[in-house]
Amino acid sequence: VSLMSNLSDNERTAWLSRHSLFRVLPAGALKGLGHELRERRYAKGETIYSELERPRSLWMVRKGRVRLLRYSSSGRAFALRVVTGGDLFCIPSIMNPCPYPCRAVADTETTLVVLAAIVFHQLIERFPALACEALKLVCQHCCQAHAMCSATQERVEQRILACLVQLQESFGTTFPFSRQEIAELVGTSRETANRVLLKLEQTGAIVLAFRRLTIHDPARLRSWLERPS
């Protein structure tokens, strides 16, 4: 654990202000908050926290990628969310406070910026605007969870189309996900996901490679996704 020592005060402040959550803080508070931040580095596949642990920190991704996972009773992984650079995660558990409902795993070599939960609580008590922004984020995560629950009732083909469209919005037309990871994101087996992805590749809409997928025709994917079942 280390302070973001490779950044100046101004750079730490600028990094924080890029996020809508902290942008509402006055300049003095934002600068002071920069001194509370710590960095932690994780190897690919390393667990950041596990289910039912009590949250002590708010996590923000500086570099890399994190998956939030649940496991079924049979041991199959189901990815709730993929978190990338600049995003923060676990805010509902910090706000409540309650145990983590999932496991966070580094998908790549990852650098996280950590803010102690007690510092965050002190800030939201002092600055109502920050509390409002935090509430917006909690509501967004709740809406995403409801949408995910609804999506489980869709055919697997529709779930994979929706997943690809969402990944394109976050990563562009080429993204570094394996077929296993896509299967986990939609809650199906690797074999089923592979079958659907190969069918999409045969149409020319996507191209599959080792741990990489390229969307050649985003408009066609969207049209298939929006087409009535």
Side-chain angles (χ1 to χ4, degrees), residues 1-4 6-7 11-27 29-42 44 46-70 79-148 166-167 169-171 175 185:
V1 182
S2 63
L3 183 68
M4 297 173 71
N6 59 332
L7 298 181
E11 287 172 327
R12 282 195 292 269
T13 300
W15 189 86
L16 278 169
S17 63
R18 283 197 290 270
H19 199 292
S20 60
L21 178 63
F22 299 110
R23 196 179 300 149
V24 298
L25 291 174
L30 202 57
K31 185 175 181 180
L33 179 58
H35 293 284
E36 298 288 348
L37 302 178
R38 297 293 182 270
E39 274 192 354
R40 292 184 184 174
R41 292 180 174 83
Y42 292 86
K44 179 181 177 181
E46 189 173 354
T47 296
I48 298 160
Y49 60 71
S50 298
E51 305 92 325
L52 305 183
E53 285 184 19
R54 288 281 176 180
R56 295 182 177 86
S57 305
L58 182 66
W59 306 87
M60 295 167 275
V61 182
R62 187 176 177 202
K63 296 177 183 176
R65 192 175 76 228
V66 174
R67 267 188 306 162
L68 307 184
L69 300 170
R70 290 291 302 259
L80 302 174
R81 188 178 167 212
V82 177
V83 191
T84 57
D87 289 341
L88 59 80
F89 56 103
C90 83
I91 192 166
S93 293
I94 291 289
M95 291 288 288
N96 198 21
C98 63
Y100 294 122
C102 58
R103 179 175 303 190
V105 177
D107 251 358
T108 62
E109 288 189 3
T110 299
T111 301
L112 299 180
V113 177
V114 185
L115 178 65
I118 188 170
V119 174
F120 183 68
H121 288 153
Q122 290 168 352
L123 284 170
I124 61 176
E125 289 174 3
R126 288 176 57 201
F127 300 105
L130 178 64
C132 287
E133 290 300 321
L135 181 58
K136 288 178 187 178
L137 277 177
V138 171
C139 291
Q140 287 173 14
H141 292 177
C142 286
C143 288
Q144 289 167 0
H146 292 161
M148 186 174 291
Q166 184 179 33
L167 289 174
E169 291 172 352
S170 299
F171 294 94
F175 35 85
L185 283 167

Pairs where residues 48-57 contributes a residue and the test salt bridge (charged side-chain N to carboxylate O under 4.0 Å, His left out) is met, not counting sequence neighbours: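 Non-adjacent pairs meeting salt bridge (charged side-chain N to carboxylate O under 4.0 Å, His left out): Glu51-Arg103.
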
Any pair counted as salt bridge (charged side-chain N to carboxylate O under 4.0 Å, His left out), so long as it reaches residues 126-136, sequence neighbours left out: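 Listed by first then second residue: Glu133-Lys136.
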
About how many Å separate [atom2] of [Y] and [atom1] of [X], when rounded to the nearest 0.5 Å?
X	Y	atom1	atom2	answer
Cys90	Asn96	SG	CG	12.0 Å
Leu69	Arg81	CG	CZ	13.0 Å
Ile94	Leu58	CD1	CG	6.0 Å
Leu68	Tyr49	CG	OH	5.0 Å
Thr110	Trp59	OG1	CH2	11.5 Å
Glu36	Leu123	CD	CG	8.0 Å

Residues Gln166, Leu185; criterion side-chain contact (heavy atoms from CB on, under 4.5 Å); working and verdict: CA-CA 11 Å; Gln166 184 179 33; Leu185 283 167; over 6 Å; no

Looking only at atom types and distance, does a side-chain atom of [X] sit under 3.5 Å from a main-chain N or O of [Y], one as donor and one as acceptor?
X	Y	answer
Arg62	Leu112	no
Arg67	Val83	no
Thr108	Arg65	yes

Pairs where residues 114-138 contributes a residue and the test ring pair (Phe, Tyr, Trp, His ring centres under 6.0 Å) is met, not counting sequence neighbours: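 Those involving residues 114-138 do not exist here.
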
Counterpart residues, side chain to side chain contact (heavy atoms under 4.5 Å, CB included), relative to Ser93 (two or more places apart):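 Checked Ser93 against side chain to side chain contact (heavy atoms under 4.5 Å, CB included); matches are Pro55, Cys98, Tyr100, Pro101.
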
Heavy-atom pair with the smallest gap, counting every atom of [X] and [Y]:
X	Y	answer
Leu25	Leu33	CD1-CD2, 3.9 Å
Lys31	Thr13	CA-OG1, 3.7 Å
Ala134	Ile91	CB-CD1, 3.9 Å
Ile124	Ala131	O-CB, 3.9 Å
Val66	Ala104	CG1-CB, 4.1 Å

Among Val119, Leu115, Val114, the one residue meeting side-chain contact (heavy atoms from CB on, under 4.5 Å) with Leu37: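 Answer to the side-chain contact (heavy atoms from CB on, under 4.5 Å) test with Leu37 among Val119, Leu115, Val114: Leu115.
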
Salt bridge (charged side-chain N to carboxylate O under 4.0 Å, His left out) partners for Glu125, two or more places apart: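 For Glu125, no residue satisfies salt bridge (charged side-chain N to carboxylate O under 4.0 Å, His left out) once neighbours in sequence are set aside.
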
Validation row: Phe89, Leu80 side chains within 4.5 angstrom (heavy atoms):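 No, their side chains stay 4.5 Å or more apart.
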
Non-neighbouring partners of Thr111 that pass side-chain hydrogen bond (donor to acceptor under 3.5 Å, both in side chains), sequence neighbours left out: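 For Thr111, no residue satisfies side-chain hydrogen bond (donor to acceptor under 3.5 Å, both in side chains) once neighbours in sequence are set aside.
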
